[in-house]
Number of protein chains: 2
Amino acid sequence: MKLREFAKQLGLSPTTVSRALSGYPEVSEVTRARVAEEAVRLGYRPNVNAVRLKTGRAGAIGVVMGRAGEFHFAEFMAGMAERLLTEDTDILVIPMADPDHNDEMQLYRRLVESQRVDAIIVHSPRPNDERIALLHKLGMPFLVHGRSDIDVPHAWLDIDNEGAVRRATSHLIDLGHTRIAMINGRPGATYALHRDKGYREALQSRGIELDPQLIASGNFTDELGFRFARSLLEQSNPPTAIVAGSMMTALGVYRAVRSLGLQVGREVSVIAHDDVFPYLTADNMAPSLSATRSSMRAAGTRCADLVLQLVSGRSPLDIHELWPVELILRESTAPVQR
Amino acid sequence: MKLREFAKQLGLSPTTVSRALSGYPEVSEVTRARVAEEAVRLGYRPNVNAVRLKTGRAGAIGVVMGRAGEFHFAEFMAGMAERLLTEDTDILVIPMADPDHNDEMQLYRRLVESQRVDAIIVHSPRPNDERIALLHKLGMPFLVHGRSDIDVPHAWLDIDNEGAVRRATSHLIDLGHTRIAMINGRPGATYALHRDKGYREALQSRGIELDPQLIASGNFTDELGFRFARSLLEQSNPPTAIVAGSMMTALGVYRAVRSLGLQVGREVSVIAHDDVFPYLTADNMAPSLSATRSSMRAAGTRCADLVLQLVSGRSPLDIHELWPVELILRESTAPVQR
DNA sequence: CTCAAATTTGAAAACGATTTGGTTGGAAAA
DNA sequence: TTTTCCAACCAAATCGTTTTCAAATTTGAG
C-alpha cells in the first residue's frame with residue numbers, strides 16, 4: 001500500500017496524510033486521528049527508503065564490529081537495542097575488514113559517503129585516534145565509547161577505568177599486598193593506558209616499586225589469564241595478588257591458581273573488572289570474585305540515547321560522561337598471607 | 001557529488017555512467033574503465049537510499065536479537081560480517097521487544113512492511129513456529145538458523161544437535177556411566193527437543209532407564225550449571241556424568257564438582273557443547289573439557305552466504321543444511337569409578 | 001454581514017538514482 | 001549504393017515519500 005493509494009481511500013491528499021502521520025501541526029486533530037486509525041486498519045506504512053531519500057536521514061546508527069568477536073559486544077548491543085526499540089532507528093553493524101590500518105580508514109570513509117547511517121559509535125579509541133579526526137572532518141555525528149586525547153571536539157562516554165584500577169590496586173595494598181600483577185587489554189587503546197595509569201599511581205602513592213614483569217596485556221581471553229598467572233606463580237618471587245582485567249582472564253587466573261594447588265582468596269587475591277554478563281557472574285565464581293563493576297548494557301543504552309540526541313542536533317561539545325565504577329569486595333580478596 | 005554532476009564532468013549521460021558502474025554490457029570497455037577510474041578520483045558514490053528506493057532492494061538483512069544477550073550472538077554476527085564484508089549488504093539488528101508473544105509477531109510484521117530488509121534470519125525456532133508461517137505468508141525471504149517442523153517450506157541451516165548429544169551420551173555410557181545428567185536449553189526451542197531426543201535415544205538403546213530428575217533446562221548460564229550439578233551431586237544417588245549443554249554451564253558444573261571436593265574427569269565426567277569462542281576454549285579448561293564442537297562463527301558466515309543466495313533468487317526449497325558435530329574427547333571424561 | 005486572519009488542505013516539485021525505450025553513427029550485408 | 005544490423009549512448013519516466021507554495025475553507029472582529 002502506497003501513500004497515493006492510501007490517501008485516495010481516505011479521500012485526502014497525500015500531503016495531508018503525510019503530515020498527519022508525521023505529526024505536523026497544520027492538520028486538524030480530527031483528521032489526524034482518522035488517518036492514524038485507518039493507517040493501522042489498512043496497514044499503511046511509509047516506504048522507509050523513500051522517506052530516507054527524501055529526508056536525507058538514514059534512520060540507522062552504525063557500530064563497527066571488530067573481528068575479535070569480543071564477548072561484551074553483544075551486551076552493549078542489547079543495551080542499545082533496548083533504547084532504540086521505541087525509536088524508528090536501526091542499528092547497523094559494520095564488519096571491520098582488516099585490523100590493517102588504512103583499510104579501517106577506508107571503511108569509515110565509505111560508510112560516511114554512502115550515507116547509510118546518521119551517526120556512528122566508535123569503540124575502544126586510541127589516544128590519538130584517526131577515526132575521530134576523520135569523522136569530524138567529514139562532518140558525521142559520532143559518539144566515542146571510551147576516550148581519546150585527540151585535539152578534535154567530540155562527544156564521549158567512558159567509564160572511569162583509571163579510578164577503578166586505582167581503587168582495586170589500592171585495596172589490595174591496604175590488605176598488605178605489595179607484589180601485585182596486572183593484566184591489561186591490548187596496548188594502544190586509551191582504556192588500557194588509563195588502567196595502566198591507575199595501577200601505577202596506586203603503587204607509587206604507596207611507595208611500591210613497579211615491576212614490569214608483573215604486567216601483561218592482550219586480548220581478554222581465559223588463556224591469557226591462565227598462562228600469565230601460571231608463569232608468574234611458578235617464579236621464585238610470585239605476586240600475592242592479581243588485577244585480572246576481565247571476567248574471562250579471571251577464569252584463567254583462577255584456573256592457574258588452582259592448578260598449582262593454591263587457593264584464590266588465600267595465597268592469591270584476585271580482582272577483575274566485571275561488565276555484568278547475564279551468563280557469567282562474579283558472585284557465582286568460586287570463590288566469589290571481587291570486582292570493579294560497570295554495566296556494559298547500561299552503557300549501550302545510554303550511548304544510544306546520546307547518539308539520538310546528537311542526531312537531533314545536540315552539540316557534541318558538552319556530551320562528556322565519565323561513569324564511576326563500583327568496587328565490590330567478595331571472597332577472592334584477602335589480607336596477604338605471611 | 002551526485003550522479004548528474006559526476007556524469008556532466010565526464011561528458012556522459014547519467015544513464016551511461018550508471019550502467020558503467022553497475023556492470024551492464026551495453027557500454028564500451030574503454031568508457032567503463034574511465035568511469036570507474038574517475039569515480040574513485042572524484043569520489044563519486046551512489047546514494048544508497050536512492051538506489052534502494054529505485055531498485056526496491058533494502059541492501060540489508062535483518063537479525064532479531066533476543067533480550068537475553070546470549071553470548072554466542074556476537075560470534076554468529078562476526079561470522080556473518082565476514083561474509084558480507086565484500087558484499088554491499090548490511091546487517092540490521094532488530095531488538096526484540098518483549099518475550100511477549102503477540103509483540104514478537106508485530107515486530108516481524110512491521111519489519112517486513114517497512115521494507116528495511118531483504119531477508120531475515122530467524123534464530124532458535126520452535127517446532128511449530130509462527131514466525132516462519134508469518135514470514136512465509138508475507139513473502140519475505142528468510143533463513144531459519146535451527147529447525148522447525150512447521151508445515152511451510154523454508155530454508156534452514158542447523159547443526160546436528162540430536163546426533164551430538166546422542167554421541168556424547170553414548171560415549172559416556174561406553175565409559176560405564178549409567179547415571180548421566182543433562183542440562184538442556186530453554187524448553188520450547190527445537191534444538192532443545194533435539195538434544196533431549198538424542199539423550200533419550202542414547203539411554204534407551206543401551207537399556208538405561210531415564211530419570212527425569214537428572215534433566216534440567218533453562219538459559220545457559222554458569223549459575224544454572226552450578227546449582228543443578230551441585231544439587232544432584234549432593235543427593236544420595238548422584239550422577240557420575242553430566243552432559244552440560246554449553247561452555248557457560250560447564251563452568252558452573254566444574255565449580256560445583258570442585259566445591260564438593262570431587263574432581264571432574266574422575267568422580268564426575270563432563271561433556272559440553274562448544275560453539276568455539278575465541279575467549280573461552282574447552283581445551284584450556286582444567287581439566288580440559290570434552291565437547292561436541294561446531295563453530296558458531298562458521299554458521300554465521302554460511303547463513304549470510306545462503307541468505308544472499310536466497311535474495312538473489314535461489315529457491316528456499318532446497319536449502320537445507322544439517323551440519324555434523326564433532327565430538328572431541330579430552331580430560332573431563334573418564335571411565336566410571338567403582 | 002463583510003473582510004481579513006487563521007486554519008486546513010492540495011498540486012506539484014523535489015530527493016538521486018535505475019531503466020525503458022529510443023537515437024545515432026558506422027560496419028557488414030545485399 | 002542502399003539497406004540492415006549492432007554497438008554505444010542518451011532523454012525522460014519512475015521509485016514513494018516530503019515539503020514548498022498556493023488555494024480553499026473556517027473563524028472572529030468590526
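In what follows, chains carry the letters A, B, and so on, assigned in the order in which the sequence lines appear, proteins first and then strands, with residues in each chain numbered from 1.
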Note: chain B reaches DNA chain C at heavy-atom distances under 4.0 Å over the stretch, first to last nt, 5' to 3', of C:dG16 to C:dG21

Strand-adjacent residues in residues 12-37 of chain B, judged by heavy atoms under 4.0 Å from DNA chain D:
B:Leu12, B:Ser13, B:Thr15, B:Thr16, B:Arg19, B:Glu26, B:Val27, B:Ser28, B:Thr31

Report the C-alpha distance between A:Ser18 and A:Thr15 in whole Å, list the side-chain angles of each, state the deciding distance to 0.1 Å, and finish with yes or no for side-chain contact (heavy atoms from CB on, under 4.5 Å).
CA-CA 5 Å; A:Ser18 170; A:Thr15 313; 6.0 Å; no

Checking side-chain contact (heavy atoms from CB on, under 4.5 Å) for the pair A:Val17/A:Leu3: CA distance, chi angles, key distance, verdict?
CA-CA 8 Å; A:Val17 172; A:Leu3 177 56; 3.6 Å; yes

Does atom CZ of A:Arg57 have more than 12 heavy-atom neighbours, drawn from other residues, nucleotides or ligands, at distances under 6.0 Å?
no

Rounded to whole Å, the CD-C1' distance (B:Gln115 to D:dT17) equals 12 Å

Nearest 0.5 Å please: distance from the CD1 atom of A:Ile159 over to the CG atom of A:Leu322.
9.0 Å

Any idea how B:His123 and B:His145 line up, ring-wise: parallel (<30°), tilted (30 to 60°), or perpendicular (>60°)?
perpendicular

Before giving the answer on side-chain contact (heavy atoms from CB on, under 4.5 Å), spell out for A:Val112 and A:Ile120 the whole-Å C-alpha distance, their side-chain angles and the decisive distance to 0.1 Å.
CA-CA 9 Å; A:Val112 170; A:Ile120 294 177; 4.3 Å; yes

Charged N to carboxylate O below 4.0 Å: is that the case for B:Glu5 and B:Lys8?
no

Double-helix bend of the helix from C:dC1-D:dG30 to C:dA30-D:dT1, axes at both ends from 5 pairs, round to 10°, gives 50°

Quick one: salt bridge (charged side-chain N to carboxylate O under 4.0 Å, His left out) partners of B:Asp129, sequence neighbours excluded?
B:Arg126, B:Arg131

Any Lys/Arg nitrogen of A:Arg34 or A:Glu37 sitting under 4.0 Å from an Asp/Glu carboxylate oxygen of the other?
no

Distance, rounded to the nearest Å, where B:Leu10 contributes CG and D:dC10 contributes P
10 Å

Show me, pair by pair, the donor-acceptor contacts under 3.5 angstrom made by side chains of residues 298-312 of chain B, not counting sequence neighbours?
| residue | atom | partner | partner atom | Å |
| --- | --- | --- | --- | --- |
| B:Thr301 | OG1 | B:Gly79 | O | 2.9 |
| B:Thr301 | OG1 | B:Arg297 | O | 3.1 |
| B:Arg302 | NE | B:Glu321 | OE1 | 3.2 |
| B:Arg302 | NE | B:Glu321 | OE2 | 2.8 |
| B:Arg302 | NH1 | B:Asp305 | OD2 | 2.8 |
| B:Arg302 | NH2 | B:Glu321 | OE2 | 2.4 |
| B:Asp305 | OD1 | B:Arg83 | NE | 2.7 |
| B:Asp305 | OD1 | B:Arg83 | NH2 | 3.0 |
| B:Gln309 | OE1 | B:Arg314 | NH1 | 2.5 |
| B:Ser312 | OG | B:Leu308 | O | 3.1 |
| B:Ser312 | OG | B:Gln309 | O | 3.2 |

Numerically ordered, the residues 42-55 of chain B set in heavy-atom contact under 4.0 Å with DNA chain D is B:Leu53, B:Lys54

Checking A:Glu38 against A:Phe6 for the side-chain contact (heavy atoms from CB on, under 4.5 Å) test, could you report, in this order, the C-alpha distance in whole Å, the side-chain angles of both residues, the deciding distance, and whether it holds?
CA-CA 9 Å; A:Glu38 291 290 286; A:Phe6 178 56; 4.0 Å; yes

For the CG atom on A:Asp151, are there more than 12 heavy atoms of other groups (residues, nucleotides or ligands in this structure) within a distance under 6.0 Å?
no

Between A:His154 and A:Phe142, how do the two ring planes meet: parallel, tilted or perpendicular, split at 30° and 60°?
parallel

